[in-house]
Amino acid sequence: MRHVYECSVRFDDLDAFGHVNNVTFAEYLQEARVDFAHRRLSSSDDVAHEGSVVAHQSIDYLAPVPFRTEPLQVEVWVTRVGTTSFEVAYEVKDESTLFARATGVLVAFDVRANTPRPVSPAEREVLERYFEPSS
Amino acid sequence: MPRHVTQVPLRWADMDAYGHVNNVVYLRYLQEARVDMLFVHAPKQGAEQLAEGVVVARHEISYHAPLHYRAAPVRVETWVRRVGNSSFDLGYEVLDDDGDGARTVYAVASTVLVPYDLDDARPRRVAHEERLVLESFIEFDGPEPGKAAA
């Protein structure tokens, strides 16, 4: 199962080359990941998910995104669940084009204690529902 | 070979709700360093076309330590890992030089770049002058963005 985030493109996401800037794709991934974490990993809609930090990221840019009014779909799913970290994969796409593929390593993090923490049993259960082996 | 050095200022709003510089912002710092190297420095050495169009084909980055806002800029060192026929790879370290050879490394990254003809909307080959400039920054055994996590 994949989590799907509808991502709007803003006018100022485009750079002087007339396409969405490479850095902005990482923002789209972040919006999708945060949406997934807050809607699925958090105990309730009103409580922020705390927390995880990004340890590693890769993004393959496959096609440029010109300005558009229709949102993009950013799909997120889980490719590994470890003891204190998990890995996700992403696709940025619309109905006809795959614009980018990406991966992320996320470390479960206790923000107040400022230290890594174990992935909780409740989180593991959710993450495993979104598990799809990496291709 | 020397690395290209860019001092990148931090902005207070680069920090997110966790109180550290957000992961996305590191890519912006890399972009500032890359633009300084390819669009400002390289044209002065004769590689003028790079500023006309280079697109990012891939990024890989590993985050090693959190950065917090401070008035002093952070140092981004950029070098060339590989020069191919129609693409080249950059390496980067985001770091503080603590003196006496001591360094605090915040991130290590790689980017695959493709020279691009924007008018024709297609990739083009690396020109001879570009290759000369890029090869003056070559470093084959620079650090790679690792992926170790439990």
Check your understanding: CG of A/Leu62 to CZ of B/Arg58: how many Å apart, nearest 0.5 Å?
Key -> 10.5 Å
Practice item. Can you measure from CD (B/Glu52) to CZ (A/Phe17) and round to the nearest 0.5 angstrom? Key: 8.0 Å
Point to revise | Trace of the side-chain contact (heavy atoms from CB on, under 4.5 Å) decision for A/Asn22 with B/Arg34 | key: CA-CA 12 Å; A/Asn22 68 93; B/Arg34 185 172 67 245; 3.3 Å; yes
Check your understanding: Among B/Thr111, B/Val56, B/Val108, which has the most heavy-atom pairs under 4.5 Å with chain A?
Key -> B/Val56
**Study point:** Any B/Asn22 side-chain heavy atom under 4.5 Å of A/Gln30 side chain
**Key:** yes
Revision key, fill the gap. The reported gap from OH in B/Tyr26 to CD in A/Gln57 (rounded to nearest 0.5 angstrom) is 12.5 Å
**Study point:** Under 4.5 Å from a heavy atom of chain B, the part of A/Val54 involved
**Key:** both
Check your understanding: chain A heavy atoms under 4.5 Å from B/His64: which part of the residue, side chain, backbone, both or neither?
Key -> neither
Exercise for review: Decide if atom CZ of B/Arg125 counts as having more than 12 heavy atoms of other residues, nucleotides or ligands within a radius under 6.0 Å.
Suggested key: no
Practice item. Treat each ILVMFWY residue as a node, draw an edge where side-chain heavy atoms are under 4.5 Å apart, and state whether A/Phe99 and A/Tyr90 are in one component. Key: yes
Practice item. Determine whether more than 12 heavy atoms belonging to other residues, nucleotides or ligands lie under 6.0 Å from atom CZ of A/Arg101. Key: no
Check your understanding: Is A/Val81 reachable from A/Leu106 through a run of I, L, V, M, F, W or Y residues, each pair having side-chain heavy atoms under 4.5 Å apart?
Key -> yes
Check your understanding: Among the clusters formed by ILVMFWY side chains lying less than 4.5 Å apart, do B/Val112 and B/Ile61 turn up in the same one?
Key -> no
Point to revise | CZ/A/Arg10: more than 12 non-hydrogen atoms of other groups inside 6.0 Å | key: no
Check your understanding: How about A/His56 and B/Asn23: do any of their side-chain heavy atoms sit closer than 4.5 Å?
Key -> no
Review point. Does A/Tyr28 belong to the same Ile/Leu/Val/Met/Phe/Trp/Tyr cluster as A/Val23, with side-chain heavy atoms less than 4.5 Å apart forming each link?
Key: yes
Revision key, fill the gap. So CG of A/Asp15 and CD of B/Gln31: to nearest 0.5 Å the spacing works out to 7.0 Å
Study note, to complete from the structure: Output for pair (B/Leu27 CG, A/Glu27 CD), nearest 0.5 Å, gives 9.5 Å
Review point. Can you tell which of B/Ala109, B/Ser62, B/Ala121 has the highest number of heavy-atom pairs within less than 4.5 Å of chain A?
Key: B/Ser62
Review point. Hey, is NE2 on B/His68 packed in by over 12 heavy atoms from elsewhere, all under 6.0 Å?
Key: yes
Review point. Checking B/Val114 against chain A: side chain, backbone, both or neither under 4.5 Å from a heavy atom?
Key: neither
**Study point:** Interface moiety of B/Leu118 toward chain A, non-hydrogen atoms closer than 4.5 Å
**Key:** side chain
Practice item. Would you confirm whether B/Tyr18, through its side chain, and A/Ser52, through its main-chain N or O, come within 3.5 Å as a donor-acceptor pair? Key: yes
Review point. Same cluster for A/Val34 and A/Leu72 if Ile/Leu/Val/Met/Phe/Trp/Tyr side chains link at under 4.5 Å?
Key: no
Review point. Can the ring centroids of B/His59 and A/Tyr61 be said to lie less than 6.0 angstrom from one another?
Key: yes
**Study point:** Heavy-atom proximity to chain B below 4.5 Å, by part of A/Asn114
**Key:** neither
